[in-house]
Each structure stands twice: as structure tokens, then as C-alpha cells.
Amino acid sequence: MATPYNHKSIEKKWKKIWEEKPINVNDGKKEKYYCLDMFPYPSGNGLHVGHWRGYVISDVWSRYQIMQDKYVIHPMGWDAFGLPAENYAIKMGVHPAKSTQENVDNIRRQIKQIAAVYDWDMEVNTTDPAFYKWTQWIFVQMFKKGLAYEKEMPINWCPSCKTGLANEEVVNGKCERCGADVTKKNLKQWMLKITEYADRLLSDLDKLDWPQKVKKMQTDWIGKSYGAEVDFSIDGRDEKITVYTTRPDTLYGATFMVLAPEHELAKGLANDETRSAVEDYIYQTSLKSSVDRLQDKEKTGVFTGSYAINPLNGAKIPIWLSDYVLADYGTGAIMCVPAHDDRDFEFAKKFDIPIIQVIAKDGVEIPDMQEAYTDAVGTMINSGDWNGMESAVLKKEAPHMIEKAGLGKATVNYKLRDWVFSRQRYWGEPIPIVHCPDCGCVPVPEEELPLLLPDVESYEPTGTGESPLAAIDEWVNCTCPKCGKAAKRETNTMPQWAGSSWYFLRYVDNKNDNELVSKEKAHKYLPVDMYIGGVEHAVLHLLYARFYTKFLYDIGVVDFEEPFTKLFNQGMITGKNGIKMSKSKGNVVSPDELVEDYGCDSLRLYELFVGPPELDSEWDDRGIDGVYRFLSKLWKLCESHKDDNIEPTKELLRERHLLIHDITTRLESFSLNTVISGFMEHCNNLSALGKDGGIDKETLTTFAVLLAPFAPHIAEELYEMLGHDTSVFAAGWPKYDKALMEADEIEIGVQVNGKMRGTISIPKDCDKDSAIAKAKEMLGDKLSGNVVKEIYVPGRIVNIVAR
RNA sequence: GCCGGCGUGGCGGAAUUGGCAGACGCACCAGACUCAAAAUCUGGCGGUAGCAAUAUCGUAUGGGUUCAAGUCCCAUCGCCGGCACCA
């Protein structure tokens, strides 16, 4: 009696068995493999099919490693502090601790449906005091090393989220979280000196097996450039202004200088005549949001009334202020060479400033210049001693020449800025610092950590730049740990990235009260071998986590400098027409019903089958029927196998080894969508081959074993049905034999002048003459004219060139 | 503006990296089973011409290299992503 494929009973059965007898065991001898998902923040909406994809990919990969006899570390946790969680709680009118807990429970339930081999004993939650004790501890260590410092400066401010933001959180002048226009606000902030690690963060990218795209994004974000700082004296004054330039070769062409309006000397350079205009310009600039400042296409500026002296030739050049110069990059002041820089050219044209060419393009000065010549290609002119030199050579040598002459120094600059680390919000780790009137900033003693986030009724953001914690007197008022005098606590909290910058270290030792992670376990189980998640964290989380890891390496906590050896970015699953799934668009597909109707195995396969895992894919519910039919077909094929004594035919044996080969090579290269199509194709082939004599047990068993990482429940069931009494995951990964994959007779294409004209069947090791002869025989009178050339590529093609 | 990536049937997508374009699946069409439908099974499914064998065109567009190009080179168009006054 044939029974149809019943996903419900099969999946229920094997979930229970795995719970009783886990398939992933640490016997202390096996090689470890750490496969990590980017942990989710517990949103109130639960998971949709897009979230599933990443978890299915990582689970397939983990199960494959288990079948390679490795002990796989595959943990899951919750990034539960931060803005999204807090905003959700405000909306629902509950305390974030409560809503976060509920959301975690719901998502954990959904993730368990995936039937992933997560080790739930390793679970972490960034809002757990036993966890954030160490988030705070790391901050204290950074403070002690001078890497965490306080600074008052204009920072990015999101008026909607009512908090300061890091540079990385501002996307096109808008808040990364809510999309509101970011403004500037002058606030005293905690900063982390990530710039101290800029060079290592850049150079160590070479060591990583990461997508080129992500490496490039980090490289660009760090933005290293080589150049020179050049000192210009101010005419009639003692002060000097230092500018940064990457084109010191064009120094003779500087015809003016521009300072950022925020530059400390800006105001002082004005004279009685220019003072009101200068002060007005500085004031107007301060009102502009970063969006306005970005979008202003027309250059604006004001002449200060002062002049700088070009150190090379003593030329007097006017000093201007303009908001196209950034205060926080380089020195906040630039020398302007309009002939060889687009922005300077535009500015010079608008304000009628002279343009002096110093590089002769193709050996001549450009007559009637309409745009700047920005290439460093050509011979120097109008440049005193430098005349006749090659610009490209001079560009490299000039910084050292300038340094030697005492006019400045060769220097390197980065676009990367220090990390604004304070948030004026409630739902985050309190920064463990006490402000003492006598001792200044004093860290909370390590034995007093964690510094608990006080439980309060009202936690909504104030919008004033003060944290909600500032209103809780009994928490704020404390005594200085150093001198015992009355003092006040720091009231800002940490950004969401604080916990996610190191959580992957904690999984392997999540109950350790004495250390962030024991040296032994860190050495044994880390770093992460495979990290899987969306590309949206390319410069945020991934840069911060690398920074934290390098710091922890420097203070001896871990013995590796890079946290994630290999990175895989899965593409997004979108709704119809590539529209991002969202509740407001009403195009969210929940996995819950699909699991109910088709089963976890089918949904797992379909998540992979929709498209290449690294690309975005549009979700279409109808397609899941295809994978369900495939599983049903396979089920029937195995169920109809009754005779274990069937010997495989040569064709079946070949099919078996081709199957192993195809699945293994495609899985190894992460081409998971073609793994699934490969299963379907070979299932169809087997079905055809087995029509007469049936299929041998070994071939069907091999199919079940290969399918195990992808559709684990049905694989176990089929494996058992075929008469095996151990788990399919203990079967070991099948090996293919190349010799058995080859057929004796192969079919190859025959072309005449490169056009397909038919096929011939020849022995696999057929020599050229016989192949050509056979091809000509097949072609008959289709071949006309004189044969000029005969091409035979064994196993591929015959091409006859005739005129 | 600069830097990446991509462009293949009605749709999602394959193509051993230069060697039979459209695997696999969805949708669709026809047939079988059925009183009927669903499910299932069998077959078909890029365009044009033809009853057909077959011919011919065809991987965004135009050129090139090659015995052979979806794949390599040059130019153009379109879409997506990143950065965006970083001197």
C-alpha cells in the first residue's frame, strides 16, 4: 500500500527525535566550525520569508559541515537594545523590557520552525545585565586606554529619533533608521577613537574572504589619502594657517585659500570692512542642515579681508570662507588651485579670482580654460624650480620636498571620523562613567558592573539633548568612586551597535561571570568561520565589530585580529516588482502558513530555489508547488523501492556519481539555487532509468544523504525507510568517482562554419580522424565547398570550416 | 559627478567559464484518468516560414576578435547598488 508524502507527521516525528538525540555533538576531538547569522533585533512584526532565507542558508551550510564530521557552533541571539525596540514600545505604550521579551519569544518560536541546528544553550541577549556588563566593561577598558573620550562638538542629530547619530548612521543626509533629515546639534559627546585603528582596519581587509563589494565599501569609507600639510603665513600677522592637500604638485597654482566657516581663525580674519559679512556668513552656515549643505549646488562664500602668503613664491592670496570646505576633514582649510580642481574652478569663476595653470596638458597651456584640468599628467609650468618636472612624479615627491624645506609635512588623511557613541535615549546600556567635580570623568569600578539601567515608568526621549535618565535624580546623584565626593552619573546610553560589536565572542562562553570570554574557549572556538547576513551592515556593524575585535586583541582578551574570516551576503527577498516587504505596503509573506500547508522542508527548498542566494529575489507563492511536487515524486520513488537486491545498471551508477558531483560542487560554490534544480533533474533521470528494473538501494540512499542539509526531515525519513537505523547526518558525505561519471558513448555537437548542424554519438575517447569522419557522414550533402579546417575538441564539439 | 554590478522566453532563472542557448521550476496549451472537477500522469511550449523534415533569426543596441561569443574587447543605451563638495 502506497502512502502519500505527509510532511506534517514526518516533520513532527524528526523534530522530536533530534531533540532527544542531537545531531551536532561536541566530543572535544572534532574540528570546530563556527557558522554565524547576523542576530536579529526582535521586531514586533515577526519574521517574513525574507528573514528565513538567511537562516536557511546558514543552516544548510551548518548541516553540511556537520556531515563533514565537524562540531558546528551555530548560535542565535537577540540584538534587543536600541531605537527600533524602544520606538516600538513607545508606539504600543508598554515598557521596552516587556515588548522586547514578547517579541523575542515570538521570533524564537518562528526560528525554531526553520528546524535549524541552533544551539539554544548559547543564546545571548544584549539587554541581559549579565551580557551588557561586558559591553560596559569594554567601554571602561577603552576609556582607560584613552580611546573613549568626551568632546563637545556639532554632531548629527535626528530630530525625529531625538538623539545624536554616528556618521555611519547618516545616509544621504537622512537618519538611517527613520529617514528624517539630519540636523546639527552642539552636544557634549562620548566618542570612540576608531580613527586610531584606521590603518589596520584598511590593511587587514586583504586577509579576509569577503565579497569584494563589502571590502570596497569599507575601503572607501575609511578613505585613506596621501598628501601634505602646508603652512601659509597670514599677511601682517603672526599666525599661520595649515592646509591639507593631496596635490602639492600644484602649489604654485594656488590663487586663493578657503577656510571652513567653523574654522577657529575664521572670525578673526575679518577686518572692519568685512566683519559684518563674515559674521553673517558664519551664522547662516550654522543654520543649514547637512541636507541643505549637500544639496546647495551653487558655491557660496565670503572674502575675509585677509591674505595668506604662498610659502613657495611669496604670492599674496586672498583668504575666503566657504561651506564647501569641511571643518572636520584635514585641517579645515584648503589652498585653492582653480586650474586643476573642479570645485576651486567653479568658485574662482563665480568670484572672479585669477586662474593660473601649472600643468601643461600635452605640453601646452590650455587656452581659454572652460573646466579644470584635474589629471596629474603633464609637465609643470609657471612653477619656479619645479618647471619641467612631470606632474605625476612631483605629486609623489612634493610632500617630502615640502617637509625638507620646512614648509610643512608629508601626511596621510582619512575620511573615517571618530565614532559618536552617546545616545540621548533610554533603551541602551548606560555609559559607566561618573562625573566628579574634582576628579573629572571616573569610570565605574569594574566590580560594580553591570551598571543597571534603572527601571522607570517614563522613558520617552526629551528632545533637548538630555537623556531621559537625566531626570532620575536618585540614579544620577552618586558618589565619586575615586574621592567619595558627591558626583553625577553620565546619563547618555550607548548606541545599538555596542552590543553587536562583540556578541559573537560571548556565545561560546555565555555563562561566564568572570570574563567576557575565557581565553581557552576564545582560542578554541573563534574566530567565526562563516558569517551570513544582509549587505546593509557593510560599513556599520561590520566595521565596528572589526574595530572592537582589534581592540580586544590589543588588550589580550582574544588572540585573533579579525572576527569574521568569511562573509556571505544574502540577497533580499522582495514582494512583487522588487518592492521591499513591509507591513505598510501590505506585501509581507509570513512563513507560518506556508510551513503549515507545505511543510518546513518545502519552504526551505523554495527559499533556496527562488534565485541565486547572493541576489535579491521576488517572492512568488505559486512556485512552492514545484518543490513540493519534487519531494512527493522523490517520496514515491523511494517508497516503491522494495527489493534491496537490485544491482545498479551502468547508467544508474553513472547517474549516482553525477548526482554526488553536481550537488557537492554546487554546494561548495554556494550556488544553492542550482543545487535544488540539480536534485529535481536527477530525480527525473532516476525515475526514467528505474522504470524497468527499479533503482538500487545505494543510489536512493545517496540521494537521501545529499538532500539532508536541505530538507532534513524527509531525508531522515527516506533514509530510515530504505532500511538504515542511524541518523542520515551520521552517514558521512558521499564521494564521487570521476571514472564512473563518464559514459562510454557521448553525444557531441557538429558545426559547419560555426553553425550547429546536428549531433553525433561517439566513444568518449574517440580520436580526431574518426570523429571527423563520423561528423562528415552525418552531415552528408549538407557539407558543401572545400573543407579548409577541421576542429575537434574532445568531449565538446566538431567544427568543419568549408569555403 | 565618481566607483561598482547587471541586462537571456510570458515569469523566476540555467549554461561545466569561449564549445549543442533557454537546464530546472512556475504559468500556459493539448491528451489520459473522472459523470464532473481537483489531484495525478503523458506530451508540447523563444520568434518567423512550412503539413513536415528543415531553414532562418534570436542572450539590451552597434561594431570587433575567433573555426566558434550570452561568455572576451570597444562604444552606446537602460536598470540597480555604493559614495558624494574628503581638497
Side-chain angles (χ1 to χ4, degrees), chain A residues 4 171-173 211-214 216-221 223-225 227 243-248 250 254 258 260 293-297 299 322-326 328-337 340-344 346-347 374 413-417 535-536 538-539 576 578 605-606 609-612 614-627 629-630 632-633 636 661-662 665-666 671 673-684 747-760 782 788-802:
Chain A
V171 179
N172 291 326
Q212 277 309 315
K213 184 183 168 184
V214 176
K216 176 141 194 325
M217 281 167 75
Q218 291 213 356
T219 302
D220 290 349
W221 190 260
K224 186 176 188 176
S225 66
V243 303
Y244 172 70
T245 180
T246 56
R247 294 295 302 277
T250 63
V258 176
R293 216 167 143 167
L294 277 175
Q295 284 173 347
D296 279 349
K297 294 214 172 71
K299 294 263 180 296
S322 175
D323 65 4
Y324 83 89
V325 174
L326 304 173
D328 57 354
Y329 179 77
T331 60
I334 59 169
M335 65 170 207
C336 298
V337 185
H340 304 292
D341 181 277
D342 291 327
R343 296 149 301 183
D344 299 347
E346 190 190 334
F347 195 87
T374 57
N413 249 303
Y414 299 92
K415 290 188 192 177
L416 185 70
R417 309 293 149 88
V535 75
E536 66 273 17
V539 285
K576 204 79 213 128
L605 294 188
Y606 188 55
F609 190 58
V610 274
E614 71 279 8
L615 299 184
D616 293 352
S617 299
E618 284 179 25
W619 187 264
D620 182 357
D621 266 349
R622 285 181 299 190
I624 197 171
D625 285 313
V627 291
R629 280 177 201 140
F630 153 66
S632 306
K633 223 183 270 180
K636 266 190 231 163
H661 171 266
D662 287 354
T665 53
R666 292 171 191 189
S671 179
N673 54 326
T674 61
V675 168
I676 308 306
S677 64
F679 277 129
M680 292 171 168
E681 201 175 346
H682 286 290
C683 180
N684 292 343
E747 202 175 68
I748 67 168
V750 176
Q751 301 180 332
V752 176
N753 296 331
K755 288 194 175 191
M756 279 306 302
R757 281 295 177 269
T759 57
I760 51 170
K782 275 185 204 161
V788 185
K789 202 169 176 183
E790 289 161 343
I791 290 145
Y792 171 55
V793 183
R796 295 282 154 85
I797 205 118
V798 169
N799 189 11
I800 294 172
V801 186

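What you see is a predicted model; the values in this text were computed from it and never measured. We name chains A, B, ... by the order of the sequence lines, and we start the count at 1 in each one.
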At under 4.0 Å, does any side-chain N or O of A:Y324 touch on OP1 or OP2 of B:A87?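 No, outside the criterion.
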Please state whether the phosphate of B:A87, meaning OP1 or OP2, lies under 4.0 angstrom from any side-chain nitrogen or oxygen of A:S225.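 A:S225 to B:A87 OP1/OP2: side-chain N or O found under 4.0 Å.
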Can you list the steps and then say if A:I748 with A:I760 is a side-chain contact (heavy atoms from CB on, under 4.5 Å)? CA-CA 6 Å; A:I748 67 168; A:I760 51 170; 3.9 Å; yes
I need the minimum non-hydrogen distance between A:Y329 and A:S225, along with the two atoms involved.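 Minimum heavy-atom separation between A:Y329 and A:S225: OH-OG, 3.2 Å.
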Compare every heavy atom of A:P612 with every heavy atom of A:S617, then report the nearest pair and how far apart it is.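 Heavy atoms of A:S617 and A:P612 come nearest at OG-O, 4.4 Å.
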A:L326 CG - B:A84 P separation (whole Å):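 Distance, rounded to whole Å: 11 Å.
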Using the six-membered ring of A:F347, assess whether NZ or CZ of A:K299 lies under 6.0 Å from its centre and within 45 degrees of the ring axis.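 The answer is no, since A:K299 fails at least one limit relative to A:F347.
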Watson-Crick or G-U stems of RNA chain B, 3 or more pairs, under 3.5 Å, by first number: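 Stem list for RNA chain B: B:1-7 with B:77-83, B:10-12 with B:24-26, B:28-32 with B:40-44, B:46-49 with B:54-57, B:60-64 with B:72-76.
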Would the base of B:C85 count as contacting A:K299 through its side chain, where contact means a donor and an acceptor less than 3.5 Å apart?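 Such a pair is found, so the answer is yes.
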Side-chain atoms of residues 792-800 of chain A: list all donor-acceptor pairs with protein atoms under 3.5 Å, sequence neighbours left out, distances to 0.1 Å.
| from | atom 1 | to | atom 2 | distance (Å) |
| --- | --- | --- | --- | --- |
| A:Y792 | OH | A:C766 | O | 3.0 |
| A:N799 | OD1 | A:N753 | N | 3.4 |
| A:N799 | OD1 | A:G754 | N | 3.0 |

I want to verify a distance call: between B:G81, B:C67, B:C83, whose nearest atom is closest to the A:K213 side chain?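 Among B:G81, B:C67, B:C83, the one nearest the side chain of A:K213 is B:G81.
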Nucleotide nearest A:K636 when distance is taken to its side chain, options B:C85, B:C41, B:A87: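 Looking only at side-chain atoms, A:K636 lies closest to B:C41.
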Which atom pairs link the protein and nucleotides 23-27 of chain B when you take only N or O atoms and keep those under 3.5 Å?
| from | atom 1 | to | atom 2 | distance (Å) |
| --- | --- | --- | --- | --- |
| B:A23 | O2' | A:E681 | OE1 | 3.4 |
| B:A23 | O2' | A:E681 | OE2 | 2.9 |
| B:G25 | OP1 | A:N684 | ND2 | 3.3 |
| B:C26 | OP1 | A:R629 | NH1 | 2.3 |

Expressed as a whole number of Å, how far does the C1' atom of B:U16 sit from that of B:G10?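 Nearest-Å result for B:U16 against B:G10 at atom C1': 29 Å.
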Please measure how far the C1' atom in B:G4 lies from the corresponding atom in B:C57, and state the result in whole Å.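 One C1' to the other, the span is 35 Å.
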Go through the steps for A:D621 and A:Y606 under the test side-chain contact (heavy atoms from CB on, under 4.5 Å), then give the verdict. CA-CA 9 Å; A:D621 266 349; A:Y606 188 55; 5.9 Å; no
Relative to the 5' end of RNA chain B, which residue comes earlier, A:K216 or A:T245, by the nucleotide with the nearest heavy atom?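 Of the two residues, A:K216 wins.
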Can you work out whether A:P612 or A:N753 has the more 5'-proximal nearest nucleotide on RNA chain B?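 Residue closer to the 5' terminus by nearest nucleotide: A:P612.
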So, A:R247 and A:D341, do they make that salt bridge, N to O below 4.0 Å?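 Looking at A:D341 together with A:R247, the answer is no, because their closest N to O distance does not fall below 4.0 Å.
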Answer yes or no: is there a side-chain heavy-atom contact under 4.5 Å between A:I676 and A:F630?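 They are not in side-chain contact.
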